[in-house]
Amino acid sequence: LLQKALAIQRALGNNDGIAKCLLNLSFVKSGDERKVLLNNALELFKQTKNIQGQGQVILSFAMFYYLGNDVSRSLQYVHNARTLIQQSSDSVWLALCYTTESATYYINAEYAKAIECAEVALKIALATRTSGIIDGAYISLANVYNTTGNHTQAQQCYFNALKMAEKEG
């Protein structure tokens, strides 16, 4: 389906649409194939001066490096993404930036920073009522609290995430 959408956007000559399709395709690919799709999407978003799209692609790179345990590169990309996404005023992607940053700090055992970022993500997600990100922020907080021995707060965060999931049905 994404390949069909990509073909349509190419036929229309819609570079912004092509970039969005490439970004979406990157989520189902891995390794070098994913990096090529992201690079191509980023180049097209730069051509169309789509700041929001650029931020989304750069955040996707941050997630790519996070999954590869490249903490320093992931943090570099997430900070760059956040700068762009703040310019575009996209609260959902901004919350995703903070969630990704929290997870990256967590795997690097920087727990205070992980909590700080997860709390910012949660605040944004609650304000925008973005349930999937609310769940993720609560789970990020719970994981940090559990790892640091604060089991009461961890349990409360897991419970809050579960309540959100039940609301979503």
Side-chain angles (χ1 to χ4, degrees), residues 2 20 22-35 37-38 41-42 45 51-169:
L2 283 173
K20 289 175 184 174
L22 293 174
L23 175 60
N24 286 326
L25 274 171
S26 77
F27 294 125
V28 296
K29 303 295 180 181
S30 61
D32 289 340
E33 190 175 7
R34 183 172 186 193
K35 285 173 75 172
L37 290 168
L38 289 172
L42 183 58
F45 279 135
I51 299 294
Q52 180 181 19
Q54 291 174 51
Q56 291 172 351
V57 171
I58 292 170
L59 182 59
S60 296
F61 268 117
M63 292 175 193
F64 176 83
Y65 290 116
Y66 163 79
L67 292 172
N69 288 322
D70 189 339
V71 172
S72 63
R73 203 177 246 172
S74 178
L75 288 172
Q76 175 188 1
Y77 275 86
V78 79
H79 293 150
N80 291 340
R82 188 170 61 223
T83 299
L84 290 168
I85 290 169
Q86 284 172 326
Q87 291 175 28
S88 73
S89 302
D90 186 331
S91 298
V92 172
W93 279 84
L94 185 59
L96 284 171
C97 281
Y98 281 105
T99 301
T100 303
E101 187 173 9
S102 174
T104 306
Y105 281 130
Y106 176 77
I107 65 168
N108 204 40
E110 295 182 61
Y111 302 125
K113 289 180 180 179
I115 289 171
E116 182 182 321
C117 292
E119 287 176 342
V120 172
L122 181 60
K123 182 179 177 180
I124 294 167
L126 287 169
T128 59
R129 298 181 180 172
T130 311
S131 57
I133 299 171
I134 295 170
D135 297 356
Y138 275 129
I139 290 169
S140 291
L141 285 168
N143 290 339
V144 177
Y145 290 139
N146 192 48
T147 299
T148 58
N150 191 339
H151 302 295
T152 302
Q153 277 192 289
Q155 185 177 19
Q156 184 61 49
C157 288
Y158 284 131
F159 178 74
N160 289 340
L162 181 61
K163 280 192 333 191
M164 288 303 302
E166 287 174 347
K167 278 185 185 179
E168 294 168 18

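The figures that follow rest on heavy atoms only: side chains count, while hydrogens, waters and symmetry mates do not. Position 1 is the first residue of the sequence; numbering continues from there.
- Nearest heavy atom pair, residue C97 against residue V78, reads O-CG2, 3.3 Å.
- Taking all atoms of both residues into account, the shortest heavy-atom contact from L84 to I51 is O-CG2, 3.3 Å.
- Here I107 pairs with Y66, N69, V71 under the side-chain contact (heavy atoms from CB on, under 4.5 Å) rule; sequence neighbours left out.
- A search for salt bridge (Lys or Arg N to Asp or Glu O under 4.0 Å) contacts involving R34 returns nothing, not counting sequence neighbours.
- Separating the OG1 atom in T99 from the CE atom in M63 is a distance of 8.5 Å, to the nearest 0.5 Å.
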Let me check something: any side-chain donor-acceptor pairs from residues 22-33 under 3.5 Å, sequence neighbours excluded? List them with distances.
residue, atom, partner, partner atom, Å
N24, ND2, K20, O, 3.2
S26, OG, L23, O, 2.6

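- Annotation: ring pair (Phe, Tyr, Trp, His ring centres under 6.0 Å) contacts of Y77 (sequence neighbours excluded): F61, Y65.
- The side-chain hydrogen bond (donor to acceptor under 3.5 Å, both in side chains) test applied to N80 returns no partner, not counting sequence neighbours.
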Tell me which donor-acceptor pairs under 3.5 Å the side chains of residues 110-126 have, and how far apart each pair is, sequence neighbours excluded?
residue, atom, partner, partner atom, Å
E110, OE1, K113, NZ, 3.3
E110, OE2, N108, ND2, 2.5

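- L59 contributes atom CG, which lies 6.5 Å from atom CG of L96 (distance to the nearest 0.5 angstrom).
- For the side-chain hydrogen bond (donor to acceptor under 3.5 Å, both in side chains) test, residues two or more places apart in sequence or in another chain that qualify with T104 are S74.
- Applying the salt bridge (charged side-chain N to carboxylate O under 4.0 Å, His left out) rule to pairs touching residues 75-89 yields R82-E101, sequence neighbours excluded.
- With sequence neighbours excluded, the residues satisfying side-chain contact (heavy atoms from CB on, under 4.5 Å) with D90 are Q52, Q56, I85, S88, V92, W93.
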Donor-acceptor contacts under 3.5 Å from residues 130-140 side chains, at least two apart:
residue, atom, partner, partner atom, Å
T130, OG1, T128, OG1, 2.7
S131, OG, E168, OE2, 3.1
S140, OG, G136, O, 3.0

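- Take Q155 and apply the side-chain contact (heavy atoms from CB on, under 4.5 Å) test, not counting sequence neighbours, and it matches no residue.
- Applying the side chain to side chain donor-acceptor pair (under 3.5 Å) test to residues at least two apart or on different chains, the pairs with a partner in residues 142-151 are Y106-T147, N143-Y158, N146-H151, N150-Q153.
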